[in-house]
Amino acid sequence: MNVRTRFAPSPTGYLHIGGARTALFSWLYARKMGGTFILRIEDTDRERSTQESVDAILQGMDWLGLGYDEGPFYQTHCFDRYKAIIQQLVDTGHAYRCYCSKEELEAMREGQMARKEKPRYDGRWRERQDETPPEGIQPVIRFRNPQDGAVEFDDLIRGKITVSNAELDDLIIARSDGTPTYNLTVVVDDIDMNITHVIRGDDHINNTPRQINIMRALGFEPPKFAHVPMILGSDGQRLSKRHGAVSVMQYRDDGYTPQALMNYLVRLGWSHGDQEIFSREEMVEFFSLESINRAPAAFNADKLLWLNQHYLKTLPVEELEAQLQWHLQTQALDTSNGPALADVINVQRDRAKTLVEMVAMSRYFYEDFSAYDETAVQKQFKADTAANLQVVHDELAALAEWKGEPIHAAIQAACEKLGLKLGKVGPPLRVAVTGGSSSPSLEITLELIGRERSLARIQQAVQFIRASAATG
RNA sequence: GACCCUAUCAUCUAGUGGCCUAGGAUAUCGCCCUUUCACGGCGAGUACCGGGGUUCGAAUCCCCGUAGGGUCGCCA
């Protein structure tokens with residue numbers, strides 16, 4: 001059997017973390033089985049669907065590297081097909097017109113709620129198709145749900161789920177303006193697209209029995225279902241904006257690599273023994289629906305950050321260089337006048353947790369800073385520091401070759417001349433050339449900053465300290 | 001309220017009746033490394049929701065509670 005899965009978002013917002021994980025699982029299963037992954041845009045709600053949302057979803061999937069084999073298909077392009085199916089259901093007695101007004105339905109619901117009953121359509125038009133309909137009301141079309149028995153399906157993640165038909169009411173499949181609703185379009189598309197495995201969020205569990213009934217009324221057997229548990233916020237509540245970033249693209253903006261986000265998402269609710277790090281190939285190789293956890297999982301930003309750092313440390317430099325471009329632009333850092341970006345990445349990748357951080361902490365390689373970090377100055381720039389730095393400056397200035405090793409030797413030589421330990425000389429030097437108190441090892445930092453800039457900055461620091469001493 | 005689903009450290013999880021005095025990871029804390037910031041190394045504490053069964057034996061199977069989540073739209 002050729003496996004066919006689909007991701008079917010409705011374009012009413014950006015691609016969020018939960019949707020991305022569902023898409024990932026669906027994508028992984030298709031890849032794992034050598035099947036086909038289809039993207040379908042469920043835009044039948046014309047009020048809320050927007051082109052911006054479609055673009056945002058496409059952009060998100062692209063950034064994550066979730067390529068689809070077919071689509072994107074748009075449901076709004078299939079209205080004729082839905083219309084024909086709805087007509088077919090009416091003709092075969094599986095659906096009927098209901099002339100209830102919205103007000104009438106609202107009153108019905110309120111009454112049921114007041115009596116503490118499950119709010120549901122009571123089927124009042126189910127057996128009244130021969131009556132002359134009321135004037136001036138455009139009817140909706142409802143599916144005639146079976147009243148006896150139960151619907152049972154074997155969820156690939158949850159196991160057997162049974163719902164009594166008595167729990168299901170006659171749902172609307174066509175609005176009064178004739179447009180189809182979700183539960184109808186899903187069924188028609190899943191049939192038409194030969195979907196074999198419906199992998200989706202478990203908020204759809206309750207829709208599944210209805211969809212199965214419609215499918216059977218149409219003469220088809222339902223596909224396999226796999227309902228993946230949703231993602232909770234760090235407080236165990238439904239994930240929302242107050243938990244921080246929810247949009248996938250926000251993670252790019254915040255300096256995360258797609259590799260880290262994918263790895264985080266795949267391990268959220270799924271596992272393969274004790275393994276934490278998965279390459280894309282490993283994900284595909286080891287993935288299985290059966291090992292997806294049944295319980296919802298809480299989003300943990302700390303672990304994502306750790307994974308991001310891991311990928312910053314291990315990804316090929318070229319890959320990071322490519323990803324960094326966007327951030328360099330956004331943070332307006334011009335790297336053309338300074339050390340090779342790859343060299344800077346190699347020395348900063350161990351100490352940055354995000355790409356945003358990496359850019360921020362690499363600025364001094366390319367630009368002169370306008371001010372020193374205040375606490376660093378207080379701690380490292382003492383009255384006698386100026387003289388010490390001058391000695392270091394002179395040793396460095398005499399260097400024939402501006403490379404890490406000789407630079408290190410020169411600093412050592414300065415220390416000996418001064419009779420000071422490196423711990424006394426290094427930190428102020430670091431502040432002098434970087435403006436702050438943290439950087440890679442001194443010799444590498446100096447090498448990358450370059451001879452002219454380094455010497456000029458040390459000289460500038462000497463003057464700064466003398467000036468402060470004079471005024472202070 | 002009704003229905004559906006779920007339940008191992010703070011969090012993600014391993015575990016499918018004996019290998020479990022419950023393993024890994026993140027976070028936290030301590031020590032080591034160290035010219036700063038980091039990385040890294042080593043170590044510590046922390047969990048089977050409760051109660052009944054079944055069994056020689058239960059984190060694992062069953063039942064009942066409890067707690068959490070989801071759904072009850074002319075939204076998807």
Asker: Mind checking A:Lys421 for me? I need base, sugar-phosphate or nothing, with any heavy atom below 4.0 Å counting as a touch.
Answerer: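 Contact class for A:Lys421: none.
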
Asker: Using Watson-Crick or G-U wobble geometry with both distances under 3.5 Å, which nucleotide pairs with B:rA25?
Answerer: B:rU11

Asker: Between A:Thr162 and A:Glu276, which residue's closest nucleotide on RNA chain B lies nearer the 5′ terminus?
Answerer: A:Thr162

Asker: Counting distance only, does the side-chain N/O of A:Ser291 pair as donor-acceptor with the main-chain N or O of A:Phe287 below 3.5 Å?
Answerer: no

Asker: Quantified in whole Å, what is the C1' atom distance between nucleotide B:rA67 and nucleotide B:rG30?
Answerer: 36 Å

Asker: A:Thr44 side chain N/O closer than 4.0 Å to the phosphate oxygens (OP1, OP2) of B:rA76?
Answerer: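 Answer yes for this pair, as a side-chain N or O of A:Thr44 is under 4.0 Å from OP1 or OP2.
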
Asker: Between A:Ser439 and A:Ser234, name the one whose nearest nucleotide on RNA chain B is closer to the 5' end.
Answerer: A:Ser234

Asker: Within the structure, does a side-chain N or O atom of A:Thr12 lie under 4.0 Å from either OP1 or OP2 of B:rA76?
Answerer: no

Asker: So what does A:Gln309 hit on the nucleic acid, given a heavy-atom distance under 4.0 Å: a base, only sugar-phosphate, or nothing?
Answerer: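 Sugar-phosphate: the residue A:Gln309, judged by heavy atoms under 4.0 Å, touches backbone atoms but no base.
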
Asker: By nearest atom, which of the nucleotides B:rU35, B:rC74, B:rC39 is closest to the A:Leu442 side chain?
Answerer: B:rU35

Asker: For A:Glu290, which contact category applies under a 4.0 Å heavy-atom criterion: base, sugar-phosphate, or nothing?
Answerer: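 If one applies the 4.0 Å heavy-atom cut-off, A:Glu290 turns out to touch nothing in the nucleic acid.
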
Asker: What is the pairing partner of B:rC19, taking Watson-Crick or G-U wobble pairs with both distances under 3.5 Å in any strand?
Answerer: none

Asker: Is B:rC42 paired to anything, Watson-Crick or G-U wobble with both distances less than 3.5 Å, and if yes, which nucleotide?
Answerer: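 Across any shown strand, B:rC42 pairs with B:rG30.
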
Asker: A:Lys303 side chain: which of B:rA25, B:rC75, B:rA38 is closest?
Answerer: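 The listed nucleotide nearest to A:Lys303's side chain is B:rA25.
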
Asker: Take atom C1' in B:rU60 and the same atom in B:rC49, then report the distance between them in whole Å.
Answerer: 16 Å

Asker: Could you check whether A:Leu422 gets within reach of a base, just the sugar-phosphate, or nothing at all, counting any heavy atom under 4.0 Å?
Answerer: base

Asker: Look at the rings of A:Phe381 and A:Tyr372 and say which category their plane angle falls in: under 30° parallel, 30 to 60° tilted, over 60° perpendicular.
Answerer: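 Correct class here is perpendicular.
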
Asker: For atom P, what is the distance between B:rC12 and B:rA27, given to the nearest Å?
Answerer: 15 Å

Asker: Side chains of A:Tyr96 and A:Asp170: donor-acceptor distance under 3.5 Å anywhere?
Answerer: yes

Asker: Quick one: label A:Ser176 by what it contacts on the DNA or RNA (base, sugar-phosphate, nothing), any heavy atom closer than 4.0 Å.
Answerer: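 Base: the residue A:Ser176, judged by heavy atoms under 4.0 Å, touches a nucleobase.
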
Asker: Base, sugar-phosphate, or nothing: which does A:Pro9 touch, judged by heavy atoms less than 4.0 Å apart?
Answerer: nothing

Asker: Using a distance-only test with no angle check, is there a side-chain donor-acceptor pair under 3.5 angstrom linking A:Gln390 and A:Asp394?
Answerer: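 Note: A:Gln390 and A:Asp394 side chains meet the donor-acceptor criterion.
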
Asker: What's A:Lys116 touching, base or sugar-phosphate or nothing? Going by heavy atoms closer than 4.0 Å.
Answerer: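 A:Lys116: backbone/sugar contact only, no base atoms under 4.0 Å.
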
Asker: Looking at every strand, decide which applies to A:Gly269 at a 4.0 Å heavy-atom threshold: base, sugar-phosphate, or nothing.
Answerer: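 Sugar-phosphate contact only.
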
Asker: Name the nucleic acid region contacted by A:Ser10, choosing base, sugar-phosphate or nothing; use a 4.0 angstrom heavy-atom cut-off, strictly under.
Answerer: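 Counting heavy atoms under 4.0 Å across all strands, the contact made by A:Ser10 is with sugar-phosphate only.
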
Asker: Considering every strand and a 4.0 Å limit on heavy-atom distances, what is the contact class for A:Asn206: base, sugar-phosphate, or nothing?
Answerer: base

Asker: Looking for any heavy atom pair under 4.0 Å, which part of the strands does A:Ser164 touch: base, sugar-phosphate only, or nothing?
Answerer: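 If one applies the 4.0 Å heavy-atom cut-off, A:Ser164 turns out to touch nothing in the nucleic acid.
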
Asker: Is the phosphate of B:rU6 approached by A:Arg294 (side-chain N or O, under 4.0 Å from OP1 or OP2)?
Answerer: yes

Asker: Looking across every strand, which nucleic acid part, if any, lies under 4.0 Å from A:Asn293 by heavy atom: base, sugar-phosphate, or nothing?
Answerer: sugar-phosphate

Asker: For B:rA59, give its Watson-Crick or G-U wobble partner with both distances under 3.5 Å, or none.
Answerer: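 No nucleotide pairs with B:rA59.
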
Asker: Measure from the side chain of A:Ala295, starting at C-beta and using heavy atoms only, and say which of B:rA7, B:rC37, B:rA76 lies closest.
Answerer: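 The nucleotide sitting nearest to the side chain is B:rA7.
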
Asker: Phosphate oxygens OP1/OP2 of B:rG73: is one of them under 4.0 Å from a side-chain N or O of A:Lys102?
Answerer: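 No, because none of the side-chain N or O atoms of A:Lys102 sits under 4.0 Å from OP1 or OP2 of B:rG73.
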
Asker: For the residue pair A:Tyr82 / A:Asp189, report whether a side-chain donor-acceptor contact shorter than 3.5 Å exists.
Answerer: yes

Asker: Which nucleotide wins on minimum distance to the side chain of A:Pro119, given the candidates B:rU36, B:rG1, B:rC3?
Answerer: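 Of the candidates, B:rG1 comes closest.
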
Asker: At under 4.0 Å, does any side-chain N or O of A:Arg109 touch on OP1 or OP2 of B:rG73?
Answerer: yes

Asker: Taking syn as any angle within 90 degrees of 0 and anti as the rest, which one fits B:rC39?
Answerer: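 With its glycosidic angle within 90° of zero, B:rC39 counts as syn.
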
Asker: Tell which nucleotide pairs with B:rG68, taking only Watson-Crick or G-U wobble pairs whose two distances are both under 3.5 angstrom.
Answerer: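 B:rG68 is paired, partner B:rC5.
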
Asker: With rounding to whole Å, what would you report as the distance between B:rA25 and B:rU46 at their C1' atoms?
Answerer: 14 Å

Asker: Work out how far the C1' atom of B:rC39 is from that of B:rU6, and round it to whole angstrom.
Answerer: 40 Å

Asker: Does A:Arg453 make a cation-pi contact with A:Trp402, if we ask for NZ or CZ under 6.0 Å from the ring centre and within 45° of the axis?
Answerer: no

Asker: Pick the C1' atom in B:rC33 and in B:rG41, then give their distance to the nearest Å.
Answerer: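 Taking atom C1' in both B:rC33 and B:rG41, they lie 8 Å apart.
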
Asker: Rounding to the closest angstrom, what is the interatomic distance between B:rC63 and B:rG68 at atom P?
Answerer: 22 Å

Asker: Would you classify A:His204 as touching base, sugar-phosphate or nothing, given that sugar-phosphate means primed atoms plus P, OP1 and OP2, and contacts are heavy atoms under 4.0 Å?
Answerer: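 Touches a base.
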
Asker: Between B:rA76, B:rA2, B:rC5, spot the one nearest the side chain of A:Ile161, thanks.
Answerer: B:rC5

Asker: Is A:Arg97 near enough to B:rC74 that one of its side-chain N or O atoms lies under 4.0 angstrom from OP1 or OP2?
Answerer: no

Asker: Measuring from the side chain of A:Arg158 (C-beta onward, heavy atoms only), which nucleotide among B:rC5, B:rC75, B:rG73 has the closest atom?
Answerer: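 Comparing B:rC5, B:rC75, B:rG73 against the side chain of A:Arg158, the answer is B:rC5.
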
Asker: Which pair of non-hydrogen atoms, one from A:Leu446 and one from A:Ile411, has the smallest distance, and what is that distance?
Answerer: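 Smallest interatomic distance, heavy atoms only, reads CD1-CD1, 3.9 Å.
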
Asker: Does NZ or CZ of A:Arg210 lie under 6.0 Å from the centre of the six-membered ring of A:Phe143, at an angle within 45° of the ring axis?
Answerer: no

Asker: Look at the rings of A:Phe225 and A:Phe153 and say which category their plane angle falls in: under 30° parallel, 30 to 60° tilted, over 60° perpendicular.
Answerer: perpendicular

Asker: Look through every strand shown and name the nucleotide pairing with B:rC75 as Watson-Crick or G-U wobble, where both distances are under 3.5 Å.
Answerer: none

Asker: Could you work out which one of B:rU36, B:rC74, B:rA27 sits closest to the side chain of A:Trp306?
Answerer: B:rA27

Asker: Nearest to the side chain of A:Arg267, which nucleotide is it out of B:rC12, B:rG1, B:rA27?
Answerer: B:rC12

Asker: Counting any heavy atom closer than 4.0 Å, what does A:Ile205 reach on the DNA or RNA strands: base, sugar-phosphate only, or nothing?
Answerer: sugar-phosphate

